[in-house]
Amino acid sequence: MTNHLLSADTQSLFDQYVVPNYGRYPINLVRGAGSEIWDSEGQRYIDFFPGWGCNLLGHCPPRVVEAVQKQVAELIHVPNTWLMESQGKWAEMLSVRSFDAMAFFCNSGTEANEAAIKLAKLHTSPERYKIISYTGGFHGRTFGSLTATAQPKYHEGLGPLMAGFEYAPFGDLEATRNLIDSETCGIMVEPIQGEGGINLPPAGFLEGLRALADEHELVLIFDEVQTGCGRTGEWFGYQHFGVVPDVLTLAKSLCGGIAGGGILTRRELAPSLRPGMHAATFGGNPIASAAGIATLETIEDEGLLQRASYLGEQFRTRLQQLQSRFEFIDEIRVAGVMIGIQLSVDGGPFVKACLEKGLLVNCTQGTVIRFLPAMNLSDDLFEDGCNLLESAFEQVAETLVTTHKS
Ligand SMILES: *Cc1c(COP(=O)(O)O)cnc(C)c1O
């Protein structure tokens, strides 16, 4: 094994040379395998949040590693002025698993959403430019996606934002209807909100959006950057609801941990992204394509869609047991391996206690403990991780004596 710098030395490099736009734990992660990861001091962690949702197959999934190693020695990058067999094959694989869609590839979620926004504008008449999105949503950090992200904390100091974005409360059809006018071209929504706290859509909401989009000829965009590629137990989140979007955006887990993004669009809309109107230099490059194909093949061959659903139910059962023990757990929200624990108290101390015990988890919206575990998490690591979680909860509960039931 290579000699790694100790965390303290790496910290000093960051202090001196890296822009401080992230809150970072002072831990230097150096090696991962499946749902386990090690730091430079040799400490091992169970990872219930591998790669911020990007590592849907865990760390270093063997088939992705092999495909990338092979590809990188053959051809690293060629521009989209040429054909690439692997990009074509990858698009076909995504198409047959979705809605007979056509694909455009880019490198990240925010870029995928920018492409979708442009497509909605280009596909409708020129005077139509408004897009409706939802409170608590998250769509990315570039100006179009950022403006679509209806969370004021991300907008502070950055105005004026892009014109034409309007927000409705997530789940509110009536408010959506009231925002639609002759200038509206699209609706952008996560079928299940991720960053917003694993928020499931109320019954009939997505169906209602489809009906509104049809009635007013709007482009319905589902941001599946977090829900896509099998995380919820279906290839795509929309498949749980039987509501097919016009455009679907992907990134995070799309390439098994390698950077990659893309959109899937209904065939009829695709020609609106005509030559010259949009591009991504690295989009659909040979390495991302090879990794994307290997990711889909792994999920299929290892029966991981079923595994994701099964794990979701295991988590639900286990977390409901914790809920009956700890009064500060308000609600458990689960969609396959997309799991949120709604707390009535600050989630920060829980994340810290988990980390100290060797379990990596996330907290979003201040009070939601979020797991985006790998869909191939083993029974043993599920069990061990949940035990660490329980002991972390016990530890924090002692500091919250008033809310501890047993
Ligand atoms: C993470 C995320 C994005 C942004 O993806 P980036 O790759 O960071 O640009 C967009 N939408 C959703 C739903 C996400 O979870």
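Small disclaimer: the values here were computed from a predicted structure and weren't measured. Counting starts at 1 for both ligands and their atoms, in listed order.
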Is the distance from the ring center of Y134 to that of F205 below 6.0 Å? yes
Looking just at side-chain N and O atoms, do T142 and T110 make a donor-acceptor pair shorter than 3.5 Å? yes
Going by atom types only, do T184 and H216 share a side-chain donor-acceptor pair under 3.5 Å? no
Q43 atom CD: more than 12 heavy-atom contacts under 6.0 Å: yes
Would you say N113 contacts ligand 1, with heavy atoms under 4.0 Å as the rule? yes
What protein heavy atom lies closest to atom 1 (C) of ligand 1? Include the residue and the distance to one decimal. K252 NZ, 1.5 Å
Report, in ascending order of atom number, the atoms of ligand 1 lying under 4.0 Å from any heavy atom of S108. 7 (O), 9 (O)
Any atoms of ligand 1 less than 4.0 Å from a non-hydrogen atom of Q226? List them with their elements. 15 (O)
For atom 7 (O) of ligand 1, what is the closest protein heavy atom, and at what distance to 0.1 Å? G109 N, 2.8 Å
The option among T149, T142, D223 carrying the non-hydrogen atom nearest to atom 11 (N) of ligand 1 is D223
Given the side-chain rings of F99 and F236, with only the six-membered ring counted for Trp, is the space between their centroids under 6.0 Å? no
Indicate, with yes or no, if the rings of Y310 and F382 have centres closer together than 6.0 Å. no
Closest protein heavy atom (residue, atom, distance) for atom 12 (C) of ligand 1: F138 O, 3.3 Å
The protein heavy atom nearest to atom 9 (O) of ligand 1 is T110 N, 2.8 Å
Logged contact type for H139 with ligand 1, heavy-atom cut-off 4.0 Å, is backbone
Check ion pair E66-R63 (N to O, under 4.0 angstrom): no
Identify, by atom number and element, the atoms of ligand 1 in contact range of E190, meaning under 4.0 Å from any of its heavy atoms. 13 (C)
